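This report refers to the structure that appears directly beneath it.
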Amino acid sequence: MADPPGCCHPCATCLLCLYSCHWVTPKKRKGLKTSKCDCSWFLFLFCVFLFTLVWLYFTIVILNDFHNFNEFIFKQRKLWLDWSLVLLIATATLITYSAVLLVLALCLQLCGQPLKLHWLHKILLILTALVVAAAFTGLGIKWAEEWRSARISLQATGPFLHIGIVGGMTLLAWPLASFIYRTRNKGLKVFLLLVYCAVMIALYLAPLGITSPCIMEENQLPPKPALVGHRGAPMLAPENTLMSLHKAVDCDVQVFETDVMVSADGVPFLMHDEELTRTTNVQAVFPERAALNSTAFNWTDLQQLDAGSWFLERRPFPTVQSLSAGDRYQVTKQRIPSLEQALEAAKQSNISIMFDLRPENHSDYQSFVNATLKVILQSGIPLQQVLWLPDGFREEVKQRAPGVQQIYGRKRLQNEKEPLLHVNLPYQDMSSEEIRQYRQDNISVNLYVVNQPWLFSVLWCSGVSSVTTNACQVLKEMKHPIWLLPSSTYLMIWIVVDCVSLLVILWAFLLLKYVLMPFPLPGQSETDVLLTKINSLMQE
């Protein structure tokens with residue numbers, strides 16, 4: 001098989017060697033042809049690459065919530081590891097492997113070389129497809145809410161994904177044109193052209209279905225959402241500690257979100273997990289009691305625990321590495337704070353405090369509510385700075401502390417007896433349209449947990465009132481959404497991209513026609529080529 005211009009013999013040999021894992025000399029290469037089976041494997045390679053590319057997109061999306069996954073694994077296996085790094089490395093390996101193989105195949109096609117994929121590559125491609133399929137299956141079973149996260153992410157990335165996909169499909173016109181001009185199967189030619197044209201037409205019209213709250217005029221942008229520190233500032237200090245509260249204040253948060261439990265002797269304290277093993281040294285101090293519920297310890301025992309050193313040892317976030325020496329020292333001095341201490345700190349810092357009361361299914365839950373209310377009423381904090389999340393005994397709380405703001409973890413009902421003023425929901429549970437409607441009805445909407453700037457940008461454009469975040473130090477610095485496009489500008493970009501794409505595709509087919517047609521097709525003699533050229537010149 002003759003090499004077309006621009007494809008030297010050494011290059012063609014090296015490409016074929018990498019793809020087929022065999023050193024094929026030019027003489028042997030002339031007798032090789034791409035069979036239907038080879039074409040099928042190329043199609044499979046292309047599908048695996050797209051499949052892996054979609055998984056890479058999902059991986060980037062779920063990074064916003066991956067700390068929850070790390071906590072889940074620790075709860076199950078008592079092993080702490082930043083599994084996001086493992087996921088990213090594995091995904092990068094799979095996408096790189098399939099991308100390199102695909103580029104090799106496309107280059108071979110442009111050079112007019114046979115596509116002889118080695119059996120080892122075939123096995124690895126099948127394994128890649130199975131691994132990605134297993135990952136998607138696991139995601140659907142154990143973490144189904146991330147599918148809704150992906151849908152939200154399309155509001156942030158949709159316009160740019162469209163441009164990228166159009167660009168990729170436009171570049172695909174070159175190897176496609178090369179294949180069409182080389183093959184003599186007219187049915188296959190027509191089929192590939194029809195499929196390619198249908199896909200491109202669909203892509204050109206895709207912006208008609210792309211919606212994003214960030215496609216708006218600058219003067220329509222809602223105010224920046226307020227920040228709620230999720231357990232304080234857990235990327236800068238151990239969660240649910242006074243240091244974390246003060247770091248959150250430095251990030252300009254308006255609300256300190258925490259979790260409250262009540263000790264065996266009736267002292268409310270800050271703790272998220274039902275066990276103390278993740279965020280304290282209870283295994284070293286009370287090894288025989290480490291597996292007990294946090295509420296089984298009295299306040300004297302809890303004060304003996306170190307609630308900070310784990311933060312330096314396990315490094316739950318990459319930001320731990322950048323802590324100053326002074327902050328590291330302060331971390332080691334952290335103890336479990338009581339609710340009374342947290343309320344005093346919040347009062348002095350003039351921020352609100354919002355909390356859950358755990359565990360909700362405890363037999364003494366009413367006594368927990370009473371003990372918590374007692375501390376709040378005795379603390380002297382203005383009651384409007386206290387945001388009450390627990391649903392249990394809410395009516396009793398309203399009667400005893402009417403100034404406390406009631407925050408509901410549900411959407412409003414059609415026949416609501418008492419209008420909701422504040423709701424606190426996962427960010428996956430509310431659409432942009434619902435957020436806008438709640439905003440028009442003067443209902444404050446807080447969504448959790450929002451860590452990535454792209455997600456914060458989408459919710460900002462939607463008009464959300466506030467977001468609960470682990471990354472207050474990042475979102476604090478955002479003065480504007482990542483992107484904001486007037487509809488007229490987006491329309492212009494859409495038209496320009498489509499027109500440029502169409503011109504490049506036409507250029508690819510016309511250029512390759514004149515480059516490839518003078519060279520013999522399989523079974524065509526030099527005389528036939530000469531006659532074809534003469535006939536073409538006479539027609540011109």
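Sequence positions, counted from 1, serve as the residue numbers for this chain. In this text, all values refer to a predicted model and were calculated from it rather than measured experimentally.
Between Phe136 and Trp55, a ring centre-to-centre spacing shorter than 6.0 Å is recorded. Aromatic ring centroids of Trp174 and Trp507 lie under 6.0 Å apart. Not less than 6.0 angstrom separates the ring centroid of Phe46 from the ring centroid of Phe49. Aromatic ring centres of Trp494 and Tyr204 lie farther apart than the 6.0 Å criterion allows.
Open room surrounds NZ on Lys75; 12 or fewer heavy atoms of other groups in view lie less than 6.0 Å from it. Applying the 6.0 Å contact sphere to CH2 of Trp83 captures no more than 12 heavy atoms from other residues, nucleotides or ligands.
Every residue was checked against the disulfide bond (SG atoms under 2.5 Å apart) condition with Cys251, not counting sequence neighbours, and none meets it. Listed by chain and number, the residues in a salt bridge (charged side-chain N to carboxylate O under 4.0 Å, His left out) with Asp356 amount to none (sequence neighbours excluded).
Ring planes of Trp460 and His480: tilted class, angle from 30 to 60°. A tilted orientation is assigned to the rings of Phe509 and Tyr196, their planes being inclined by 30° to 60°. Relative orientation of the Trp41 and Phe44 rings is perpendicular, given thresholds of 30° and 60° on the angle between their planes. Using the six-membered ring where Trp is involved, His121 and Tyr19 have ring planes that are tilted, between 30° and 60° apart.
Contact detail for Lys411 and Tyr438: the closest heavy-atom pair is CB-OH, 3.4 Å.
If you check the side chains of Asp38 and Ser35, you find a donor sitting under 3.5 Å from an acceptor. With hydrogens and angles left out, the side-chain atoms of Trp147 and Glu145 include no donor and acceptor closer than 3.5 Å. Judged by distance alone, the side chains of Thr157 and Tyr57 do bring a donor and an acceptor atom under 3.5 Å apart.
When each of Ser457, Ser431, Ser432 is paired with Ser462, the side chain to side chain donor-acceptor pair (under 3.5 Å) condition holds for Ser432 and for no other. Considering His230, Arg278, His272 as possible partners of Glu239, the one that fulfils the side chain to side chain donor-acceptor pair (under 3.5 Å) test is Arg278.
Remark: the backbone N or O of Gly409 is not paired with any side-chain donor or acceptor of Asn424 at under 3.5 angstrom.
With salt bridges taken as basic N to acidic carboxylate O contacts below 4.0 Å, one links Asp441 and Arg412.
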